[in-house]
Amino acid sequence: MAYVIRRLLMTIPVLLGVIFITFAIIKVTPGDPVQLMLGQRATAARVAELRLQLGLDDPLLVQYGRYVLNAARGNLGTSIRSQTPVLQEIMLRVPSTLELTTAALLLSVLVGIPAGVIAATHGSRVLNQVINVLALIGLSIPGYWLGIISLSFFAVELNWVSVLGGEGIKDLILPAIALGLPSAALFMRLTRNTMLEALGSDYVRTARAKGLPDYLVVWKHVFRNAMIPIITALGLQTGALLGGTVLIESVFARPGLGRYAVTAILNRDFPQVQGMILFSAVVYVVLNLIVDLTYVVIDPRVRRS
Amino acid sequence: MPDTINEIHPNKPTQVPQRTRMLRRFVRHRGGMVGLLLFGGLLVIAIFAQQIAPYDPLALDYHSTLQPPSPAHWFGTDDLGRDILSRAIWGARESLRVALLASAIGIIGGLVFGLISGYLGGWADVLIQRIVEIMLAFPTILLVLSIVAALGPNLTTILIAAGISTIPIYIRMIRSTVLVEREKEYILASVALGAGQFGIMARHILPNVLSTAIIYTTLGLGGIILATSGLSYVGLGAQPPTPEWGAMLTEGQRLFRNAWWPAFFPGLFIFLAVVGVNLLGDGLRDLFDPNMNV
């Protein structure tokens, strides 16, 4: 329990640091950020008004404190363009991104881990070579390119899915593949390597010597031990997949958080950018927390340390 | 009593230098060689773009718009009649320049802070490690987007952003290598001989962590190429009409209802470049440090 509390407290400086970085963004922006947001033709009066509204004339620490307090109450400011509360805009886009990331994660786990287990346990030379080449392709192919090419084939040529922003399950398949392929390759490599390492260890030899059937050795001993690095990777990959939505949502014109981040930056809508970054950081911190707490459950050694 | 080995075995054939042995082992590493040829080939194309490209990458030709691949235009033309092969060749220059410079920023930053953090220790180490922890606590892409948001979307920003965002990862890796190196006896000997801390770092530690740094840089380069091209693709990097692979993809996607080639070829180049550096990185790792776990 002490570990859990300590781990929870550790997230506070991280989040304060992230907010500080989002603040630094506005400070280091060359030129007046307000002028940038409003465009060159904005009147001096309008610029002054917005500066006042955003509190940009206050000392930096006051602004920072105010932002932290507001954020803690769930107020991430109001978008300059749409005049809508940023948190509301973000929440509107969460389901789409969540759907895509979950689909990509499921796909990469369901393809990557079994492929890794097969490669480690039944690996003939040819099969291993094939899996190696597939992993290399998976890790090297630009997902956004795969997305464009698959869209032009399945949507334009075959008319199986809609070209832009389809909402159905069918329209989730291509983006999930484009987003999840590198992760699948990574899980495959990782599972194979950790399984091979575990297969060569002493306790496996003991288990075999006891006369345990092969499937029990693999699933009860080897796979369970190989799970620890895989769970670490699971947390990291979920973060990477969320980051990947920035590119993939643009390919498929999906109305999610990634696309939102890009347009916020292109429009230089700073409240949107700040809110978006803080929100993602919170999600990421929570993800890391879940991963660390999972260790406590599956690895008794962590509990004791 | 003879005082050197050569006096004991005067006719012993001279040993093959270690460098030559390493080189031979690398040449026999099939993946590494394929990677070197692929990536090296693209680098040559990038350097000699002016001589190799058959057309001006920006030249418009309204008489041959959206032509499919043909002997006159191997990769076809786009809707403005620009030659896609020439644009992809010039794109190699833009895209690889950005990726290599970003890697350079990352690894130089990683070396400087990793050396200080690992060798000097103390409050410098604590401070650097806390900053690294915060930077690693949220996804790389967010750090990149924050920097792009601050400096405005263009290719130089992407380069700086991608470079800075990899620094913390490199600091971690370099630091752990330095920690191992620091404990070796020759360092103790140098200290005993009165060498200064910065002298030891520059003359002894740095050369010994350099091979590790090169491997990490190569292994990380693929990700940087994918990221920088990707950011250009969504409009945060290179702006049209710059021939850059990611930006070319954006233009290609606009045309994909009518033509597949404007999007296909720039993506293929990105893919080949990344395959090349990944194979090269794996080869270098097997060569220098087979036990490295990346």
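First the proteins, then the strands, lettered A, B, ... as listed; each starts at 1.
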J.: Among B:Leu268, B:Leu231, B:Leu151, which residue has the highest count of heavy-atom pairs closer than 4.5 Å to chain A?
T.: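 Answer, by heavy-atom pair count under 4.5 Å with chain A: B:Leu268.
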
J.: Considering all heavy atoms of both residues, which atom of B:Asn278 and which atom of A:Ser140 are nearest to each other, and what is their separation?
T.: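 Heavy atoms of B:Asn278 and A:Ser140 come nearest at ND2-OG, 3.0 Å.
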
J.: Report which part of B:Ser229 has an atom under 4.5 Å of a heavy atom belonging to chain A: side chain, backbone, both, or neither.
T.: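 For B:Ser229, the contact with chain A is made by backbone and side chain together.
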
J.: Check whether any side-chain N or O of A:Trp145 sits under 3.5 Å from a backbone N or O of B:Phe265 as a donor-acceptor pair, and report yes or no.
T.: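 Here the side-chain-to-backbone pair does not exist.
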
J.: For A:Phe270, which atoms come within 4.5 Å of any heavy atom of chain B: side chain, backbone, both, or neither?
T.: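 Contact with chain B involves the side chain of A:Phe270 alone.
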
J.: Just list the side-chain donor-acceptor pairs under 3.5 Å for residues 239-249 of chain A, sequence neighbours left out, or say none.
T.:
unit_1	atom_1	unit_2	atom_2	d
A:Thr245	OG1	A:Leu242	O	2.5
A:Glu249	OE1	A:Leu257	N	3.3
A:Glu249	OE1	A:Gly258	N	2.8
A:Glu249	OE1	A:Arg259	N	3.0
A:Glu249	OE2	A:Thr97	OG1	2.8

J.: Excluding sequence neighbours, so at least two apart, what forms side-chain hydrogen bond (donor to acceptor under 3.5 Å, both in side chains) with A:Arg81?
T.: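 With sequence neighbours excluded, A:Arg81 shows a side-chain hydrogen bond (donor to acceptor under 3.5 Å, both in side chains) to no residue whatsoever.
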
J.: Show me the pairs that pass ring pair (Phe, Tyr, Trp, His ring centres under 6.0 Å) and involve residues 223-247 of chain B, at least two apart or across chains.
T.: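 Found A:Tyr144-B:Tyr233, B:Trp245-B:Phe269.
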
J.: Could you report the tightest heavy-atom contact between B:Val234 and A:Leu266, atom names first, then the distance?
T.: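 So the minimum-distance heavy-atom pair works out to O-CD1, 4.1 Å.
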
J.: Can you measure from CZ (B:Arg254) to CD1 (A:Ile148) and round to the nearest 0.5 angstrom?
T.: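 Rounded to the nearest 0.5 Å, the CZ-CD1 separation comes out at 12.0 Å.
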
J.: Where do B:Gln253 and A:Val251 come nearest, in terms of heavy atoms and distance?
T.: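 That closest heavy-atom pairing would be NE2-O, 2.9 Å.
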
J.: Determine the option with the most heavy-atom pairs under 4.5 angstrom with chain A, choosing from B:Ile131, B:Ile270, B:Val277.
T.: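 That would be B:Ile270.
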
J.: Shortest non-hydrogen contact from B:Gly267 to A:Pro142?
T.: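 Shortest heavy-atom separation between B:Gly267 and A:Pro142 comes out as O-CG, 4.2 Å.
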
J.: So which heavy atom on B:Leu142 is nearest to which on A:Ala281, and how close?
T.: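 Closest approach of B:Leu142 to A:Ala281: CD1-N, 3.9 Å.
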
J.: Chain B contacts: which residues in residues 182-189 of chain A have a non-hydrogen atom closer than 4.5 Å to it?
T.: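 When heavy atoms of chain B are the reference, residues 182-189 of chain A contributes A:Arg189 within the under-4.5 Å range.
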
J.: Quick check for you: to the nearest 0.5 Å, what is the distance between A:Ile149 atom CD1 and B:Trp260 atom CH2?
T.: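 Rounded to the nearest 0.5 Å, the CD1-CH2 separation comes out at 8.5 Å.
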
J.: For A:Ile141, is it the side chain, the backbone, both, or neither that has a heavy atom closer than 4.5 Å to a heavy atom of chain B?
T.: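 Interface part for A:Ile141: both.
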
J.: Please determine, among A:Pro13, A:Ser152, A:Gly17, A:Gly143, the option with the most heavy-atom pairs under 4.5 Å with chain B.
T.: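 It is A:Ser152.
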
J.: Pick whichever of A:Leu146, A:Leu236, A:Leu136, A:Val273 has the most heavy-atom pairs under 4.5 Å with chain B.
T.: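 Most pairs with chain B among the choices: A:Leu136.
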
J.: With rounding to the nearest 0.5 Å, note down the distance linking CG in B:Leu145 to CD1 in A:Ile277.
T.: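 Interatomic distance, B:Leu145 CG to A:Ile277 CD1, rounded to 0.5 Å: 6.5 Å.
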
